[in-house]
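Only one structure is covered here, and it is reproduced in the block below.
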Amino acid sequence: MPRKMFGQRSLLRGFPEFAAWGMLRVCPVCKRPRIENVLDKLATGKNNGECMHCKANANVLEKFVKFFFARQGVSPENVRKMAADPLYRRTIIAVLKGIKQFGINKPQPTGIPAVVVWNFTGKCNLDCKHCYGDTGQNTRDLTTTQSFQVVDKLADAGIVAIGFSGGEPLMRKDLLAIAKHAARKGIYCTLASNGTLITKEMSSHITEAGIRRVEIGLDGSTAKTHDAFRGVKGAFDKAVRGIRNCTRNKDFDEVIVNTTLTQKTFRELPRIMELAEKLGATRFYLSRILPAGRGKNIQHKDVSPRQMRDALEMLARKLQKSVKDGGMQCYARGMTYYARTCYELTGGDIIPVGEILSGYERRHTENFGTDVAKMVNKLSGRFGGCSAGINYCGLSSDGFVLPCACATDVKLGSLLVQDLKDIWINHRVFKTLRDKRKLKGRCRKCAQKDICGGCRLNAFGLTGNWMASDPTCPYLFLA
């Protein structure tokens with residue numbers, strides 16, 4: 001073996017992969033992955049009392065985990081809290097699986113999608129102009145039995161969270177039963193809804209089923225704007241009622257208002273955000289018209305590059321203020337450039353990862369202070385940018401894995417007949433999305449590609465190439 005293989009640098013270069021392999025290895029005695037025992041030890045301070053084999057291996061691996069989190073600015077007490085929290089445990093394991101499978105990379109893929117957004121049904125009671133699913137009443141959904149099977153597959157694969165989307169998920173009567181099953185399996189469940197069906201009683205049923213976070217669309221500050229975009233008169237009043245019913249239910253971790261950025265909503269954006277905060281929303285998402293489904297037909301309603309940049313700066317200023325003074329936090333979706341906006345506005349203090357995570361979210365700050373935010377900032381260059389194929393994928397209403405929930409025509413494999421891990425690791429589309437060396441044009445050359453890199457669905461929808469430069473990036477057109 002060459003002498004250079006014994007050099008310290010060479011050994012350190014491969015150590016994270018070696019450690020990940022060791023922690024994911026199943027103990028031959030207690031039949032648990034070693035990382036489970038390490039996390040138990042971190043959470044309780046005690047080794048697995050029934051397994052001497054695990055005791056012999058846990059100490060070295062425990063020191064490695066502590067060292068890693070210390071480097072990210074996480075205190076020992078917060079490492080203990082993370083090790084005890086099911087959501088963070090599953091996230092840690094998903095990242096370790098990614099390091100074992102793909103090595104240390106930029107971006108760093110998880111070994112299985114951490115988040116799956118499931119277009120649970122194509123049925124909907126509205127007629128929205130921007131619907132990426134082009135939904136209607138005559139759609140093919142999985143049966144209840146098949147849905148339970150899919151949840152079992154997702155849980156066995158080790159995903160962290162399911163986002164139930166649509167269509168309108170509440171149009172399916174079995175939604176709450178499926179969500180409850182997923183929650184019992186340890187999966188964090190969220191719901192994206194138009195809000196029109198969320199009565200006070202339904203709000204209680206949703207949280208009782210284990211759904212911890214709800215997101216409701218609000219595409220205008222008045223009924224005139226919202227109803228015109230959503231295609232049904234009275235939708236605004238029902239959505240506002242739905243938001244109120246959720247914000248008054250203290251069992252939700254978060255209540256989110258989501259607005260689609262158009263020329264009309266751009267003009268109303270300050271008033272929409274003010275209304276959302278008045279209604280008690282803890283978070284605000286600004287989405288954009290995507291070239292998918294019906295969105296292909298209304299690209300002319302999209303904003304100009306200057307308007308998009310102004311909107312993102314408005315969000316970033318509000319996020320910066322909320323971090324300091326509290327209040328509703330603002331994020332962008334489908335616009336990875338938001339990370340660049342925040343980075344430049346705050347001098348690098350706040351860098352959203354995956355567009356919607358800064359570490360300052362209420363759940364994080366209440367449990368960990370600013371430690372998660374410190375970690376997000378340090379790792380932003382490795383986990384930032386478009387999440388499709390990196391740590392997130394979509395799932396169609398009929399059970400097909402999608403590169404993004406909005407890419408409803410790009411079906412990569414059915415979970416009824418294939419394993420999620422096999423599709424995730426081996427499908428050529430996911431392989432392409434994970435390789436930023438394949439980025440083209442201005443996105444490839446951009447100095448901020450590690451925290452942005454452009455929306456890959458937008459690039460695909462407008463150019464036919466997943467790795468093309470994102471044609472609508474506002475920084476391409478403005479000095």
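When the shell of 6.0 Å around CD of Glu366 is examined, it contains more than 12 heavy atoms from other residues, nucleotides or ligands. Counting heavy atoms of neighbouring residues, nucleotides and ligands inside a 6.0 Å radius, atom CD of Gln299 exceeds 12 of them. Residue Lys81 qualifies as enclosed at atom NZ: its count of foreign heavy atoms under 6.0 Å is above 12. Within a 6.0 Å radius of NZ in Lys436, more than 12 heavy atoms belonging to other residues, nucleotides or ligands are found. Heavy-atom contacts from other residues, nucleotides or ligands closer than 6.0 Å to NZ of Lys153 number more than 12. Counting non-hydrogen atoms of neighbouring residues, nucleotides and ligands closer than 6.0 angstrom, the NZ atom of Lys318 exceeds 12 such neighbours. Within a 6.0 Å sphere centred on CZ of Phe266, heavy atoms belonging to other residues, nucleotides or ligands number more than 12.
Ion pairing between Glu77 and Arg80 holds under the 4.0 Å rule for side-chain N and carboxylate O. With salt bridges taken as basic N to acidic carboxylate O contacts below 4.0 Å, one links Arg309 and Glu313. With salt bridges taken as basic N to acidic carboxylate O contacts below 4.0 Å, one links Arg306 and Asp310.
Judged purely by distance below 3.5 Å, without hydrogens or angles, the side chains of Asn194 and Thr196 pair a donor atom with an acceptor atom. No donor-acceptor contact under 3.5 angstrom links the side chains of Gln329 and Thr282, judged on distance only. Between Ser203 and Arg248, the side chains place no donor N or O within less than 3.5 Å of an acceptor N or O (distance only, hydrogens not considered). A side-chain N or O of Glu268 and one of Ser221 form a donor-acceptor pair less than 3.5 Å apart.
The salt bridge (charged side-chain N to carboxylate O under 4.0 Å, His left out) test applied to Arg89 returns Glu36, Asp40, not counting sequence neighbours. Scanning for side-chain hydrogen bond (donor to acceptor under 3.5 Å, both in side chains) contacts around Tyr88 gives His364, with sequence neighbours left out.
Of the possible donor and acceptor atoms, one in the side chain of Arg172 sits under 3.5 Å from a partner among the backbone N and O of Phe120. Arg294 places a side-chain N or O within donor-acceptor distance of the main-chain N or O of Cys128, the cut-off being under 3.5 Å. In this structure, Asn391 contributes its side chain and Ala114 its backbone to no donor-acceptor pair below 3.5 Å. The backbone N or O of Ala405 lies less than 3.5 Å from a partner atom in the side chain of Asn119, making a donor-acceptor pair. Between the side chain of Asp253 and the backbone N or O of Arg213, no donor-acceptor pair lies under 3.5 Å. With Asn377 contributing its side chain and Ile351 its backbone, the two residues share a donor-acceptor pair below 3.5 Å. Listed for the Asp227 side chain is a donor-acceptor partner under 3.5 Å among the backbone atoms of Gly234. Thr247 contributes no side-chain N or O that, together with a main-chain N or O of Ala281, makes up a donor-acceptor pair within less than 3.5 Å. Judged by distance alone, with hydrogens and angles left aside, the side-chain atoms of Asp141 form a donor-acceptor pair with the main-chain N or O of Gly122 at under 3.5 Å. Under a 3.5 Å cut-off, the side chain of Glu277 and the backbone N or O of Met328 do form a donor-acceptor pair.
The CD atom of Glu361 lies 12.5 Å from the CZ atom of Phe368; values are rounded to the nearest 0.5 Å. Within the model, atoms CD1 of Ile178 and CZ of Phe148 stand 4.0 Å from one another, a figure rounded to the nearest 0.5 Å. Atom CD1 in Ile289 sits 8.0 Å away from atom CD in Gln263 (nearest 0.5 Å). Note that CE of Met375 is 9.5 Å distant from CG of Asn78, once rounded to the nearest 0.5 Å. Arg271 CZ to Lys278 NZ: the interatomic distance, rounded to the nearest 0.5 Å, is 13.5 Å. Note: Arg317 CZ to Ser322 OG = 13.5 Å, rounded to the nearest 0.5 Å.
Contact annotation: the side chain of Leu357 never approaches that of Phe383 to less than 4.5 Å [non-hydrogen atoms, C-beta and beyond]. Between Leu415 and Leu154 the shortest side-chain heavy-atom distance falls below 4.5 Å. In this structure, the side chains of Thr472 and Tyr337 come closer than 4.5 Å at one or more pairs of heavy atoms. Residues Met335 and Leu261 have side chains in contact (heavy-atom distance under 4.5 Å, counting atoms from C-beta outward). Residues Leu286 and Leu269 have side chains in contact (heavy-atom distance under 4.5 Å, counting atoms from C-beta outward). A 4.5 Å side-chain heavy-atom check between Leu420 and Val401 finds at least one atom pair inside the cut-off. Considering only heavy atoms from C-beta on, Lys411 comes within 4.5 Å of Asp398 through its side chain. Inter-residue side-chain proximity for Leu176 and Glu208 is flagged as unmet; no heavy-atom pair is nearer than 4.5 Å.
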Can you check side chain to side chain contact (heavy atoms under 4.5 Å, CB included) on Asp127 and Arg230, steps first, answer last?
CA-CA 6 Å; Asp127 192 24; Arg230 292 285 179 161; over 6 Å; no
Should Ile92 and Phe69 be marked as a side chain to side chain contact (heavy atoms under 4.5 Å, CB included) after you check the CA-CA gap, both sets of side-chain angles, and the distance that decides it?
CA-CA 11 Å; Ile92 290 168; Phe69 281 111; 3.8 Å; yes
Does the pair Thr121 and Leu175 meet the rule for a side chain to side chain contact (heavy atoms under 4.5 Å, CB included), with working shown?
CA-CA 10 Å; Thr121 180; Leu175 167 67; over 6 Å; no
Could you walk me through whether Arg363 and Asp85 pass side chain to side chain contact (heavy atoms under 4.5 Å, CB included), step by step?
CA-CA 12 Å; Arg363 188 181 197 279; Asp85 188 301; 3.4 Å; yes
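For the pair Arg283 and Tyr331, the distance from NZ or CZ to the six-membered ring centre is under 6.0 Å and the angle to the ring normal is within 45 degrees.
Cys446 and Arg340 get closest at one heavy-atom pair: SG-NH1, 3.8 Å. Looking at every heavy atom in both residues, Ile187 comes nearest to Val151 through CD1-O, 4.4 Å. Nearest heavy atom pair, residue Cys246 against residue Ile198, reads SG-CG2, 3.7 Å. Among all heavy-atom pairs drawn from Asp371 and Ser75, the shortest one is OD2-N, 2.9 Å. Residues Arg212 and Thr207 share a closest heavy-atom pair of NH1-O, 3.6 Å. Here the shortest heavy-atom pairing between Ala239 and Ile216 reads O-CG2, 4.2 Å.
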